[in-house]
Amino acid sequence: TLMLTLADSMTKKGATVLFNTAEESLFQTAMTAKRLKLRNGFRAGNSASVNEILENARKMQKEAKKNNAQFVLIVDSLQCLDDDKYSSGKITSGTAIRCLQEITDFCKDTGSIGIIINQVNKSGKMAGSNKLKHMVDSHVHLGIEEKDEDFRGCRILETQKNRFGGCGHMFYLSLNARGFRQVAKIENSKGARRIDTVALPMGVSSYGPSATVKRTILYLRFERSNLKAVVGICRNKTLSPKTNRHGPEDPIPSRVWSG
């Protein structure tokens, strides 16, 4: 979904985009494009052979160069590709490495942009050899938030490696039938500071049987010796004496610092 939306957006801005799906059929890709209401006409392919993909990519890249347009190759996904090394069609752990090497060589030789989707394992981490990370210029991970109740179910898009720009940026995305929508952004998660603040409603100085309080979470980062808020979250909560570790009659702490 994310890569189809990106392909459509880059085509709108003048790029020549080839989206090759080795996982789904072109019919399924067309159904998704229709649901997302993509209108800008990128090209789609359905091949699992990296040699065939690059053969078509070279033809399109030459056409794009004549029109002074940037060529972009998007492949879904790396684990489904075959480099035809074995006549039996056998795919080993080295197949993905060889296929990615051919794609990166093509991009370097032609000045093209290559975006390759890599699968994840059951634990949510990148599948395959760590060598794959060292072969690319940028590694962006898409996961699902399961811990934080404010963002639970959101997709987290995080820049884990970037040779030509900032790293550690995080985007929280909600997903619906029309695609992704950004709901929050952390500019640099590696250097972020999280502050939880708890404030009593006006006129309330201590816990009674229960009290509704507003809890604000701020993610901060240092910038030129100053703290800058990058994300703010507010939510109302009802707290009872059972959850008050300071005792029912003690004032609620004005701030709780964590992280």
Side-chain angles (χ1 to χ4, degrees), residues 1-15 17 19 32-33 35-40 42 70 72 74 76-77 113-120 123-127 132-133 136-199 213-237 255-259:
T1 300
L2 186 63
M3 290 299 101
L4 284 171
T5 306
L6 179 63
D8 189 70
S9 177
M10 296 185 78
T11 302
K12 183 179 180 180
K13 293 185 177 182
V17 182
F19 181 92
T32 305
R35 172 171 56 81
L36 298 173
K37 296 185 178 181
L38 306 182
R39 296 282 187 268
N40 295 296
F42 57 89
Q70 175 66 56
V72 182
I74 301 176
D76 180 21
S77 64
I113 297 173
I115 303 175
I116 317 301
I117 298 176
N118 190 81
Q119 297 175 3
V120 296
S123 64
K125 296 182 179 180
M126 187 192 83
L132 299 172
K133 292 182 180 180
V136 296
D137 295 319
S138 179
H139 175 214
V140 182
H141 185 78
L142 183 67
I144 301 177
E145 177 59 58
E146 297 178 348
K147 296 180 180 180
D148 194 302
E149 61 183 79
D150 296 293
F151 294 124
R152 186 175 293 126
C154 285
R155 272 57 175 180
I156 306 174
L157 189 68
E158 180 181 6
T159 309
Q160 296 187 351
K161 173 187 176 181
N162 191 357
R163 287 176 178 163
F164 301 108
C167 189
H169 306 302
M170 293 177 66
F171 300 85
Y172 287 85
L173 310 172
S174 63
L175 179 63
N176 55 36
R178 291 294 304 277
F180 288 98
R181 182 178 66 87
Q182 181 179 315
V183 295
K185 174 184 176 182
I186 300 178
E187 294 181 8
N188 188 344
S189 62
K190 304 296 183 183
R193 301 294 186 267
R194 171 173 169 159
I195 298 177
D196 289 5
T197 63
V198 182
V213 301
K214 179 176 287 186
R215 181 166 181 243
T216 306
I217 300 175
L218 297 177
Y219 285 90
L220 306 178
R221 66 182 175 85
F222 284 106
E223 186 177 89
R224 296 180 182 177
S225 301
N226 295 315
L227 283 170
K228 179 181 179 181
V230 289
V231 176
I233 309 163
C234 292
R235 61 169 178 250
N236 291 327
K237 269 197 170 184
R255 289 178 178 82
V256 180
W257 299 80
S258 67

With sequence neighbours excluded, residues passing side chain to side chain contact (heavy atoms under 4.5 Å, CB included) with Val120:
His141
Check whether Glu149 reaches the backbone of Phe151 with its side chain - one donor and one acceptor, N or O, closer than 3.5 Å.
no
Under 3.5 Å, side chain of Lys161 to main-chain N/O of Lys133, donor-acceptor pair present?
yes
Atom CD1 of Ile74 and atom CG of Leu4: how far apart are they, to the nearest 0.5 Å?
8.0 Å
Heavy-atom distance under 4.5 Å between the side chains of Ile116 and Val136, does that happen here?
no
Of Gln119, Gln160, His139, the residue whose pairing with Met126 passes side chain to side chain contact (heavy atoms under 4.5 Å, CB included)
His139
Restricting to side chain to side chain contact (heavy atoms under 4.5 Å, CB included), what partner residues turn up for Lys12, sequence neighbours left out?
Asn40
The criterion is side chain to side chain contact (heavy atoms under 4.5 Å, CB included); which residues satisfy it with Ser9, sequence neighbours excluded?
Lys13
With a 4.5 Å cut-off on side-chain heavy atoms, are Leu142 and Ile156 touching?
no
Please determine whether side-chain contact (heavy atoms from CB on, under 4.5 Å) holds for the pair Cys154 and Ile144, giving the CA-CA distance in whole Å, both sets of side-chain angles, and the decisive distance to 0.1 Å.
CA-CA 6 Å; Cys154 285; Ile144 301 177; over 6 Å; no
Only distances under 3.5 Å count here; give the side-chain donor-acceptor pairs of residues 174-181 to other protein atoms, sequence neighbours excluded, each with its distance to 0.1 Å.
residue, atom, partner, partner atom, Å
Ser174, OG, Arg181, O, 3.4
Asn176, OD1, Arg178, N, 2.9
Asn176, OD1, Gly179, N, 3.2

CE on Met10 to CZ on Phe19, rounded to 0.5 Å:
13.5 Å
Nearest-0.5 Å distance, CD1 of residue Ile117 to CE of residue Met3
6.0 Å
Closest approach of Asn118 to Ala127 (non-hydrogen atoms, all atoms of both residues):
ND2-O, 2.9 Å
Taken in chain and number order and not counting sequence neighbours, the residues that satisfy salt bridge (Lys or Arg N to Asp or Glu O under 4.0 Å) with Arg163 are Asp137
Does Ile186 form a side-chain contact (heavy atoms from CB on, under 4.5 Å) with Tyr172? I'd like the steps, not just the answer.
CA-CA 8 Å; Ile186 300 178; Tyr172 287 85; 4.1 Å; yes
Please check this pair: side chain of Asp8 against backbone of Arg39, looking for a donor-acceptor N/O pair closer than 3.5 Å.
yes
Excluding sequence neighbours, so at least two apart, what forms side chain to side chain contact (heavy atoms under 4.5 Å, CB included) with Gln182?
Phe171, Leu173, Lys185
Hey, what do you get for CG (Leu2) to CG (Leu157), rounding to the nearest 0.5 Å?
6.0 Å
Is there side-chain contact between Thr1 and Arg35, with heavy atoms separated by less than 4.5 Å?
yes
